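The shown structure was predicted, so the numbers you read here are calculated from the model rather than taken from an experiment. Throughout, protein chains are lettered first and strands after them, A, B, ... in sequence-line order, and every chain is numbered starting at 1.
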Number of protein chains: 2
Amino acid sequence: MDVARKDIHNSQIPVVCRSCEARHGGVCGALSSGQLIELNRHSVRREVSAGCEIVGQGEAVCRYSSVLRGVVKLSKMMSDGRQQIVGLQFSPDFLGRLFLHESTLTAEAATDTEICSFPRPILDRMIAETPELGHRLHSQALQELDDARDWMLTLGRKTAQEKVASFLYMIATHIDPDSADCATFDLPLSRADIGDFLGLTIETVSRQITKLRKLGIITVENNRHVTVPDLDRLNTAAGND
Amino acid sequence: MDVARKDIHNSQIPVVCRSCEARHGGVCGALSSGQLIELNRHSVRREVSAGCEIVGQGEAVCRYSSVLRGVVKLSKMMSDGRQQIVGLQFSPDFLGRLFLHESTLTAEAATDTEICSFPRPILDRMIAETPELGHRLHSQALQELDDARDWMLTLGRKTAQEKVASFLYMIATHIDPDSADCATFDLPLSRADIGDFLGLTIETVSRQITKLRKLGIITVENNRHVTVPDLDRLNTAAGND
DNA sequence: CTGCCACTTTGATTTCGATCAAGTGGGGGA
DNA sequence: TCCCCCACTTGATCGAAATCAAAGTGGCAG
């Protein structure tokens with residue numbers, strides 16, 4: 001496919017992108033069809049199974065990605081092994097750190113995921129060419145900043161019970177965004193990961209989930225499948241009135 | 001001063017801006033002299049004394065600002081009064097939330113401060129016209145996101161001792177950036193504020209400062225003035241090797 | 001079916017930081 | 001000058017979550 005052909009087909013979009021969930025909310029939604037074709041020529045779609053690292057803390061990053069399916073956890077680790085999950089990325093979030101060549105954190109698939117990755121320089125150039133693209137990434141960064149700061153309130157000031165309820169509420173509203181008052185979903189994180197997200201131990205997480213179950217705020221099947229009959233009640237348990 | 005005169009004086013910059021500390025690192029550094037003149041025509045420089053609110057959580061924000069002097073604390077509050085400081089802004093940081101009309105947090109002067117504020121629509125327009133300006137704000141947002149995530153590790157996984165040491169180390173490196181291995185500075189925050197930043201009570205903060213003093217890692221005069229003879233040692237106490 | 005392994009739950013005890021309660025000291029106003 | 005107020009420190013006790021320990025679960029390879 002040479003340049004002439006590409007131009008003729010400008011109004012087309014690559015076949016793999018047509019049904020891609022990331023194309024609307026994600027970065028690709030800000031690209032022209034020509035840019036989409038070019039980016040697609042260099043992009044790699046791949047499955048990453050749960051537990052596999054996507055980029056490591058301190059590593060040089062030469063590719064950006066979009067999350068297409070599944071949940072990616074972003075974490076920081078201290079030298080003695082203490083770990084903190086600092087963010088979760090869902091489809092169609094952008095994965096990468098503009099303006100910096102070293103990753104400041106580890107990105108790891110929390111569930112089986114699918115990502116679409118592309119070389120840094122190509123996207124960097126497109127950002128320079130396309131204000132709408134820079135704007136979208138800027139906007140996502142600010143949203144992530146708001147989320148991080150909300151989470152700081154949870155980490156610093158909430159009780160274990162409120163932390164676990166906050167976590168479940170956050171997952172419920174992200175995984176199952178339609179349902180207004182009740183929700184049902186599979187937890188994307190193990191108890192250990194939930195502990196690392198909330199700054200708690202695995203035992204405390206387990207005990208608090210049991211308490212919320214006994215209070216009738218949630219029901220749990222097979223350890224991972226959670227039903228929330230009343231989201232407002234869960235949100236109250238999370239300390240958010 | 002009409003448009004013709006402004007253009008003639010393009011190579012000039014407004015008098016008040018000439019010695020302004022925010023003009024180089026801050027947003028104004030990305031503006032042409034014409035833009036600087038225009039922005040200056042609508043901007044207000046003002047003193048805000050310690051403890052005064054600049055914007056409130058949930059408030060509509062019609063002006064952005066630059067911090068010229070002093071320290072501004074960003075905080076979130078729960079309905080029952082529990083509070084968490086989620087960030088500190090130093091000169092020449094930008095203060096405001098692009099793309100959103102409600103402030104998601106409270107900004108309050110921690111020390112006596114000076115800020116330069118200007119109407120939202122004017123800066124929004126300049127951002128659209130000047131890629132370099134958008135780039136700078138994007139870059140600051142990503143830096144704040146990195147800082148917030150570092151702080152999440154501190155909040156979630158460090159002990160009280162490490163938290164207080166981390167706080168002192170952060171302040172030392174921000175206030176007194178030159179000195180490589182030792183530092184001396186006034187704490188910009190009260191014990192209560194430090195507690196709200198670290199997710200601790202005022203008593204615990206006080207006890208940990210006393211311990212660090214007894215270990216010889218810091219010396220304190222008049223409760224506020226701190227000297228750190230060996231920054232590396234403080235950083236080790238903060239859990240960062 | 002059996003046994004193993006990873007994950008989770010539950011229970012007993014300890015510990016760190018919160019809470020409750022004085023006490024100190026410096027600066028400003030009457 | 002005195003005294004009051006406020007920010008901070010220090011001490012005693014309490015309690016929530018960590019730690020230590022053991023006992024389920026459930027999936028899966030053999």
Point to revise | Distance, rounded to the nearest Å, where B:Leu187 contributes CG and D:dT9 contributes C1' | key: 15 Å
Exercise for review: Could you verify whether a donor N or O on one side chain and an acceptor N or O on the other, from B:Thr113 and B:Arg69, lie under 3.5 Å apart?
Suggested key: no
Review point. Would you say the side chain of B:Arg213 and the base of D:dT10 hold a donor-acceptor pair, judged only by whether the two atoms sit under 3.5 Å apart?
Key: no
Check your understanding: Any luck finding a side-chain donor-acceptor pair between A:Ser166 and A:Lys158 under 3.5 Å?
Key -> yes
Review point. OP1 or OP2 of D:dT9 sitting under 4.0 Å from any side-chain N/O of B:Arg191?
Key: yes
Review point. Of all the nucleotides listed (D:dA18, D:dT9, C:dG17), which has the minimum atom distance to the side chain of B:Ser206?
Key: D:dT9
Review point. Between A:His138 and B:Phe99, is the ring centre distance below 6.0 Å?
Key: yes
Check your understanding: Taking for each residue the nucleotide of DNA chain D bearing the nearest heavy atom, is the 5' side occupied by A:Asn222 or by B:Val220?
Key -> B:Val220
Check your understanding: Could you state the NZ-C1' distance from A:Lys163 to D:dA18, rounded to the nearest angstrom?
Key -> 12 Å
Check your understanding: Are B:Ser65 and B:Ser117 linked by a side-chain donor-acceptor pair shorter than 3.5 Å?
Key -> no
Check your understanding: Within the structure, does a side-chain N or O atom of B:Thr210 lie under 4.0 Å from either OP1 or OP2 of D:dT10?
Key -> yes
Practice item. With heavy atoms under 4.0 Å as the rule, sort B:Gly195 into base, sugar-phosphate or nothing. Key: nothing
Exercise for review: May I ask you to check whether B:Asp112 and B:Ser49 show a side-chain donor-acceptor distance below 3.5 Å?
Suggested key: no
Point to revise | Whole-Å distance separating the CZ atom of B:Arg207 from the P atom of C:dC20 | key: 13 Å
Exercise for review: Mind calculating the distance between CG (A:Leu198) and P (D:dA16) to the nearest angstrom?
Suggested key: 18 Å
Check your understanding: Does B:Thr201 make a side-chain N or O approach to OP1 or OP2 of C:dA18 shorter than 4.0 Å?
Key -> yes
Practice item. Figure out the CZ/C1' separation between A:Arg157 and C:dT19, and round it to whole Å. Key: 13 Å
Review point. Under 4.0 Å between a side-chain N or O of B:Arg224 and OP1 or OP2 of D:dC8?
Key: yes
**Study point:** Under-4.0 Å side-chain N/O to phosphate OP1/OP2 contact, A:Thr204 with D:dA17
**Key:** no
Exercise for review: State whether A:Asn223 places a side-chain N or O below 4.0 Å from either non-bridging phosphate oxygen (OP1 or OP2) of C:dT9.
Suggested key: yes
Check your understanding: Side chain of B:Glu203, base of C:dC20: donor and acceptor closer than 3.5 Å?
Key -> yes
Practice item. Name the nucleic acid region contacted by A:Ile209, choosing base, sugar-phosphate or nothing; use a 4.0 angstrom heavy-atom cut-off, strictly under. Key: nothing
Check your understanding: Atom CZ of B:Arg82 and atom P of C:dG17: how far apart are they, to the nearest Å?
Key -> 19 Å
Exercise for review: Round to a whole Å and report the spacing from CD1 of A:Ile202 to P of D:dA22.
Suggested key: 17 Å
**Study point:** Between C:dC7 (C1') and A:Ile194 (CD1): distance, integer Å
**Key:** 12 Å
